[in-house]
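Here's the structure, in structure tokens; my notes come after.
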Amino acid sequence: QVQLVESGGGLVQAGGSLRLSCAPSGRTFSNYNMGWFRQAPGKERDFVATISWSGDSTAYADSVKGRFTISRGNAKNTVYLQMNSLKPEDTAVYYCAADRPGPITSMPHEYDYWGQGTQVTVSS
């Protein structure tokens, strides 16, 4: 069974940092574009960041620009989301997703594989 497994979530105070990781299980995603999305209670799933399969192209939601950084590991199979200067409004379940090669996109329906999510809670 193909899976994406997120880790690194937790509880942090406002202004703190967390690093999320996304690793595949069951296959490689080194030639897939990868994205991070988040969903707060009662809200829709929102785009956070995306990175191309090569790592050369990235895009971010305006709300996280300058604070979050998406990157890929050396083997391109693991994806990270470094989150700095966290705010209470960043509290959500964060999901990793994989999209077949092509232009990077912020649209959730374009992504083919999803992880189960990891909770991030930022206290004020």
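Contact of the Arg45 side chain with the Tyr95 side chain is registered, since non-hydrogen atoms from C-beta on lie closer than 4.5 Å. A 4.5 Å side-chain heavy-atom check between Pro24 and Asn77 finds at least one atom pair inside the cut-off.
Applying the side-chain hydrogen bond (donor to acceptor under 3.5 Å, both in side chains) test to pairs two or more places apart or on separate chains, those with a residue in residues 9-23 are Ser17-Asn84.
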Identify every side-chain donor-acceptor pair in residues 29-37 under 3.5 Å, counting partners at least two apart or on other chains, and give the distances.
unit_1, atom_1, unit_2, atom_2, d
Ser30, OG, Thr28, OG1, 3.3
Tyr32, OH, Arg27, NH1, 3.4
Asn33, OD1, Trp53, N, 2.8
Asn33, ND2, Gly102, O, 2.9

Q) Which is it for Asp112 and Arg100 under the side chain to side chain contact (heavy atoms under 4.5 Å, CB included) test, yes or no, and what are the steps along the way? A) CA-CA 7 Å; Asp112 304 296; Arg100 288 183 175 85; 2.9 Å; yes
Q | Derivation and outcome, side chain to side chain contact (heavy atoms under 4.5 Å, CB included), residues Leu86 and Leu18 | A | CA-CA 8 Å; Leu86 282 161; Leu18 283 174; 4.2 Å; yes
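Note that CG of Leu4 is 11.5 Å distant from OH of Tyr111, once rounded to the nearest 0.5 Å. To the nearest 0.5 Å, atom OG of residue Ser52 and atom CZ of residue Arg72 are 7.0 Å apart. Between the CZ atom in Arg38 and the CG atom in Asp90 there is a gap of 4.5 Å [rounded to 0.5 Å]. Atoms CD1 and CG, from Ile51 and Asp99 in turn, are 13.5 Å apart once rounded to the nearest 0.5 Å. Atom CD1 of Ile70 is separated from atom OG of Ser57 by 11.5 Å, given to the nearest 0.5 angstrom. One finds the CD atom of Glu110 at 12.5 Å from the CD1 atom of Ile104 (value rounded to the nearest 0.5 Å).
Looking at Gln39, its side chain never comes within 3.5 Å of a backbone N or O of Asp46 through a donor-acceptor pair.
With sequence neighbours left out, Asp62 forms a salt bridge (Lys or Arg N to Asp or Glu O under 4.0 Å) with Lys65.
In terms of heavy atoms, Leu20 sits closest to Met83 at CG-CE, 3.8 Å. Considering all non-hydrogen atoms of both residues, Met107 and Thr105 come closest at N-OG1, 3.1 Å. Between Trp114 and Pro108, the shortest heavy-atom distance links the atoms CZ2-O, 3.4 Å. Gly117 and Val93 make their closest contact through CA-CG1, 3.8 Å (heavy atoms, listed as atom of the first residue, atom of the second, distance). Pairing each heavy atom of Ala40 with each of Ala92, the nearest pair is N-CB, 3.8 Å.
Cluster membership for Phe47 and Phe68, using ILVMFWY side-chain heavy atoms within less than 4.5 angstrom, is not shared.
Annotation: Glu89, atom CD; neighbour count of heavy atoms from other residues, nucleotides and ligands within 6.0 Å is above 12.
Counting only N and O atoms by type, the side chains of Thr121 and Gln119 include a donor and acceptor under 3.5 Å apart.
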